[in-house]
Asks: 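Have a look at the structure that comes next, please.
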Amino acid sequence: NVRSVRNAILANGYEIEDIESPEQIEQAKVLVFPGVGSYGSAMSVLKDKGYIEPLRKYLKNHDRPFLGICLGMQTLFESSAETNDDETIPGLGVIPGHVIKFDETKMAVPHIGWNGRTLHQESPVLSYVAPDDDVYFVHSYYAPLIPQNSEWVLTSTTYEGQRFVSSVQRGCVVAAQFHPEKSGVTGLNFLKGFLESIENDKLGTATHLTVHTNVPTQLVKRVVVALDVRTNDDGDLVVTKGDQYDVRENEKEGVVTGRGGVRNLGKPVALAGRYYKEGADEIAFLNITSFRQGVIEDMPMLQVLEQASKSIFVPLTVGGGIRSYTDPDSGTTYSALEVAARYFRAGADKVSIGSDAVKAAEAYLGSGKVKSGETSIETISKVYGVQAVVISIDPKRVYVQSREEVDPKHVVVELDAEGPGGERFCWYQCTVKGGREAKDICAVTVAKAAEALGAGEIMLNCIDMDGQGKGFDHPLMKAVSEAVTIPVIASSGAGKEAHFTGVFKETGVQAALAAGMFHRKEVEIEAVKEDMRSNGIPARKGPKIS
């Protein structure tokens, strides 16, 4: 995230200048390369701008300060398999090795979340980073450790048994697969170590260590906080919370304490800042009234992202209105990609697509599973990578007495408790427009179609559970997480610490989300993580934020 990288460098007290011509690369004192999007599109941009040869020259002798981030690290290798074609895409060729995709038959892909690092070198870059501090990853492709690149490896990380290069250093050339700008205080300290070591002329003094690669690192389970944002009667953005999606229909202000009714709970940037300090692993801004207007004109929400990214250094997801639309006043048509790009430029790391994903799934299935290349999922993931696209599914239970009474196209799920009429089964009917309109398609089907079209993660809600505080819908979470290979975020229903631990223990979700219980301070984020740890569920490690 370019804006967040800038903000993280500024937060460490340094000035930046954007590279706008090949000549500036030769003149630069320090280069920071936060690669954005997919490998193919990034290399195409570098080629079109004439940056490839100046970069190779800058990096050739490893004696000029350089920091590559995520894709910025991957481009240093010889090639990548991240392409829609059969052929690999050539990289800068500075580091031996080829970037390949994680095996989807063995693990959820992308690798999203907080993981550890195994040290291969002692480096001044890591002067302020504790060995067991977790950092944030989001990627589908990785660089394997091979004998030819061993002298480059600064740290390695394991994901479901697969060890990969998580950062490199040779001389003054440094790069990380993880995102320091999204790794909280640990990431800021990584950047601090890099920048300070340039000032004191120690950057190139890293030394190799004896490495024990038989001990794996561990991807932790994520605790995500959501902020439902709407415009109040005065035109200001406020965080609000209703029950079972009633907030999406309520036009008037409500001041109701406790559960029930619609409650305005504060301003989004201030609340998000609080959650960052309290240890949220990710924060999601969900614009719940966006279906009434277009995003391009939604300046308040864009300003929220811009302000939040100045001081919040964990991943930010934004949802609501990610679709193509025509402005009724000007007649100008904006594509879903243009809408998403505006959010990304404002500071979002991921966009959450709701109603438009259901529409895309219906079109995909209606065409005999032929991809058009024109859906919002496809166009955004092609440019920004699958990890940037989250699909938000809003289903409701349709109770049935038997599997046989349901259309075979729907996935019927056995319940863990009887329905209101003694039913043992249900199927999960997807809704759109904030739960206002039901569609003849089930949640499992939409999830599978979205994955095929290029989504990287599922945010799985349940209208029946929303705001009830009785726990997540385990049968739904289990059904979807077993049907797809991309990560699933459990949402709707959390009311206490044990609900997080339970959904992690009993289903395959990688993250769980809550809103109201954190907003009202009924439960603290750290209390959730302590309950997880005491029950053997890994939670993020790292320094506290003062």
Side-chain angles (χ1 to χ4, degrees), residues 8 12 32-33 62 65-70 72-74 76-77 94-97 99 102 111-139 141-220 281 313 538-544:
N12 272 296
V32 178
F33 181 16
H62 320 131
F66 176 91
L67 176 61
I69 297 173
C70 194
M73 185 191 90
Q74 292 188 0
L76 298 178
F77 287 83
V94 177
I95 305 175
V99 176
F102 285 115
H111 170 223
I112 297 179
W114 300 78
N115 205 329
R117 299 151 295 111
T118 299
L119 292 178
H120 290 243
Q121 299 184 55
E122 185 174 329
S123 168
V125 176
L126 301 173
S127 297
Y128 301 101
V129 179
D132 62 348
D133 284 354
D134 293 318
V135 290
Y136 183 79
F137 293 87
V138 54
H139 59 120
Y141 294 78
Y142 70 96
L145 281 74
I146 58 175
Q148 293 91 330
N149 63 31
S150 60
E151 65 180 332
W152 277 91
V153 181
L154 176 60
T155 66
S156 64
T157 296
T158 55
Y159 176 45
E160 295 292 345
Q162 177 63 61
R163 187 168 290 276
F164 62 91
V165 179
S166 53
S167 64
V168 297
Q169 180 171 7
R170 187 173 178 188
C172 295
V173 177
V174 180
Q177 179 62 69
F178 57 86
H179 287 264
E181 81 282 10
K182 291 295 163 184
S183 297
V185 175
T186 298
L188 294 178
N189 286 342
F190 178 89
L191 290 170
K192 179 180 180 180
F194 171 75
L195 295 165
E196 281 193 3
S197 64
I198 296 169
E199 287 191 306
N200 58 32
D201 202 27
K202 292 184 178 179
L203 179 59
T205 61
T207 56
H208 286 270
L209 302 169
T210 300
V211 184
H212 302 284
T213 56
N214 58 324
V215 180
T217 64
Q218 189 171 34
L219 179 69
V220 306
D281 297 321
F313 298 102
R540 171 164 62 114
K541 298 181 292 292
K544 302 297 181 184

Asks: Counting neighbours of CG on D201 that are heavy atoms of other residues, nucleotides or ligands and sit closer than 6.0 Å, is the number greater than 12?
Replies: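 It does not: D201 CG has 12 such atoms or fewer within range.
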
Asks: Decide if atom CD of E122 counts as having more than 12 heavy atoms of other residues, nucleotides or ligands within a radius under 6.0 Å.
Replies: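 Incorrect, the count does not exceed 12.
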
Asks: May I have all residue pairs that pass ring pair (Phe, Tyr, Trp, His ring centres under 6.0 Å) and include part of residues 187-210, sequence neighbours excluded?
Replies: F178-F190

Asks: Would a distance-only check, ignoring hydrogens and angles, find a side-chain to backbone donor-acceptor pair under 3.5 Å from D134 to Q218?
Replies: no

Asks: If you round to the nearest 0.5 Å, how far is CZ of F66 from CG of L203?
Replies: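 One gets 12.0 Å once the value is rounded to the nearest 0.5 Å.
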
Asks: What is the distance from atom CH2 of W152 to atom CD1 of I146, rounded to the nearest 0.5 Å?
Replies: 13.0 Å

Asks: So, R117 side chain and D133 main chain: donor-acceptor pair closer than 3.5 Å or not?
Replies: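 Yes, the answer is positive, given that a donor and an acceptor are paired below the 3.5 Å cut-off.
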
Asks: What's the spacing between L188 CG and Y128 OH if we round to 0.5 Å?
Replies: 13.0 Å

Asks: Do side-chain atoms of N12 reach the backbone of A8 as a donor and acceptor pair under 3.5 angstrom?
Replies: yes

Asks: If you measure from the Lys or Arg side-chain nitrogens to the Asp or Glu carboxylate oxygens, is any gap between K541 and D132 under 4.0 Å?
Replies: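 Answer for the salt bridge query: no.
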
Asks: Taking H139 for its side chain and Y141 for its backbone only, find out whether a donor-acceptor pair lies under 3.5 Å.
Replies: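 Side chain of H139 to backbone of Y141, a donor-acceptor pair under 3.5 Å: yes, one is there.
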
Asks: Under the side-chain hydrogen bond (donor to acceptor under 3.5 Å, both in side chains) rule, what pairs show up with a residue in residues 163-181, not counting sequence neighbours?
Replies: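 Every side-chain hydrogen bond (donor to acceptor under 3.5 Å, both in side chains) pair that includes a residue of residues 163-181, provided the two are not neighbours, is Q74-Q177, T118-R163, S123-Q169, E151-R170, T155-S166, T155-S167, S156-R163, T157-S166, H179-E181.
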
